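Notes to accompany the following structure.
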Amino acid sequence: MPDTNPPSSVRIGIGLTALGISGAVVTALMGVYYAPVVDSTAFNAPEAYRILYWHVPFAWSSFLAFCMLFIGAVAWYKDRSDWGWRWFSTGSDLGLLFGLGVITSGPIWGSAEWGVPWDWGDLRLNTFALLTGVALFLVLSRRSQPDGQETRDTLAAVGLFGFALVPITALATTWYQKRHPGIVLVSGEETGLDPAIRTVLMMGFVSFLILFVGLAILSNEVIRMEDRLEQSKSELDGGP
Amino acid sequence: MTGTSEMIVAYTILSFILAYYVNHLRSRIVDLSLQLEIFSSDSEE
C-alpha cells in the first residue's frame with residue numbers, strides 16, 4: 001500500500017518557504033525604511049533604487065535555478081535519472097518564476113531612472129530576457145508535450161544550450177557595460193556600497209536563498225507525486 | 001519625481017508573482033495528495 005501522508009520533505013519545504021518569505025518581507029521593509037536614500041544628484045529617481053533590494057536577489061535566485069536546470073539536464077543525459085529530470089523541471093519552473101520577476105521589476109526601475117524601460121543595445125538586458133524565454137519555452141513544452149524519453153531528451157538539449165547564456169549574462173556588465181549597472185557587491189572605488197545598503201542586500205540574498213531552497217523542495221515533491229500518481233494509474237489499468 | 005510609485009508597483013508585482021507560485025504549489029500538493037489517497041483506498045478494496 002503506498003504511503004499517502006505528506007512526506008517530511010514537504011513539511012521542511014513549507015517551513016523554509018515561510019522562513020524565506022518572512023525574510024524577504026523584512027528585507028523589503030528594511031530597504032524602504034532602514035536603507036539610506038541615494039545621492040539625488042547622481043540618480044534621477046533616488047527612491048526607485050529601493051526596487052533593487054528584491055530585484056537583485058531575484059536575479060541571483062534565477063541564476064541558481066538555471067544552474068539547477070543545467071545539473072539536472074546533465075544528470076538526465078548521463079544516467080537517464082529521475083532525480084535529474086526532477087531537478088531539470090524544478091530548475092526551469094524556478095528559472096521562469098525568478099526570471100519573470102527580474103524582467104518585470106527591471107524595466108519599472110529603468111523607466112523611472114533612465115526614462116526608458118528597455119535598452120535593446122544592452123547585452124545583459126537582452127541575454128537575460130532570452131534566458132527567461134528559454135525557461136518559458138521549457139515550462140510550456142513540459143506542460144503541452146507527452147512525457148517520454150524523446151521529449152525529455154529534446155528539452156534537456158534546449159536547456160543545456162540555453163544555459164550558455166548564464167555566464168554571458170553574468171559577465172555582460174564586465175565585458176560590455178552600456179546601461180545596466182555593474183556588479184554591485186564587489187568592493188572597489190567605483191562599486192563600493194554604503195554598509196547599510198550592503199547589509200540589506202545580503203539580508204535579501206540569504207532570505208531568497210532560503211526561499212529558493214524551500215520552493216525547490218516543494219516543486220521537486222510535486223513532480224515526485226505526479227510520477228507516483230501516473231504509476232498508480234498505469235498499475236490500476238494493468239500496465240507495466 | 002523620486003520613483004516612489006514605481007517602487008510600490010514593482011514590489012506589488014513581485015509579491016503577486018511569488019504568491020501566485022506558492023499558491024500553485026500548495027494547491028498541487030493538496031490535489032495530488034487527495035488523488036493518491038483515492039488510489040490508495042481503491043487498491044485496498
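Because the structure is a prediction, the values reported are computed rather than measured. Numbered from 1 within each chain, the chains take letters A, B, ... in sequence-line order. Side chains included, hydrogens not; waters and symmetry mates left out as well; all remaining heavy atoms used.
- Here B:Q35 contributes atom CD and A:K233 contributes atom NZ; the two are 5.5 Å apart, rounded to the nearest 0.5 Å.
- Going from atom CG of A:L211 over to atom CG of B:L18 covers 6.0 Å, rounded to the nearest 0.5 Å.
- Looking at heavy atoms from C-beta onward, A:L100 lies out of side-chain contact with B:Y21 at the 4.5 angstrom threshold.
- Contact annotation for A:S219: both backbone and side-chain heavy atoms come within less than 4.5 Å of a heavy atom of chain B.
- Looking at B:I17, both its backbone and its side chain come within 4.5 Å of chain A, counting heavy atoms on both sides.
- Taken to the nearest 0.5 Å, the CG atom of A:L215 stands 11.0 Å off from the NE2 atom of B:H24.
- The residue among A:G13, A:A24, A:G101 with the most heavy atom pairs within less than 4.5 Å of chain B is A:G101.
- No part of A:V37 comes within reach of chain B, as not one of its non-hydrogen atoms sits under 4.5 angstrom from that chain.
- Counting only heavy atoms from C-beta outward, the side chains of A:E226 and B:R28 approach each other to under 4.5 Å.
- Counting all heavy atoms, side chain and backbone alike, A:L229 lies closest to B:F39 at CD1-CD1, 3.6 Å.
- No part of A:E221 comes within reach of chain B, as not one of its non-hydrogen atoms sits under 4.5 angstrom from that chain.
- Here the shortest heavy-atom pairing between A:S232 and B:L36 reads OG-CD2, 4.3 Å.
- The CD1 atom of B:I13 sits 3.5 Å away from atom CD1 of A:I108, with the distance rounded to the nearest 0.5 Å.
- Taken from CE in B:M7 to OH in A:Y53, the straight-line distance is 11.0 Å, to the nearest 0.5 Å.
- Taking every heavy atom of both residues into account, A:S105 and B:L14 meet most closely at CB-CD1, 3.9 Å.
- With values rounded to the nearest 0.5 angstrom, B:I29 atom CD1 is found 6.5 Å from A:M225 atom CE.
- In this structure, chain A has heavy atoms under 4.5 Å from both the backbone and the side chain of B:S15.
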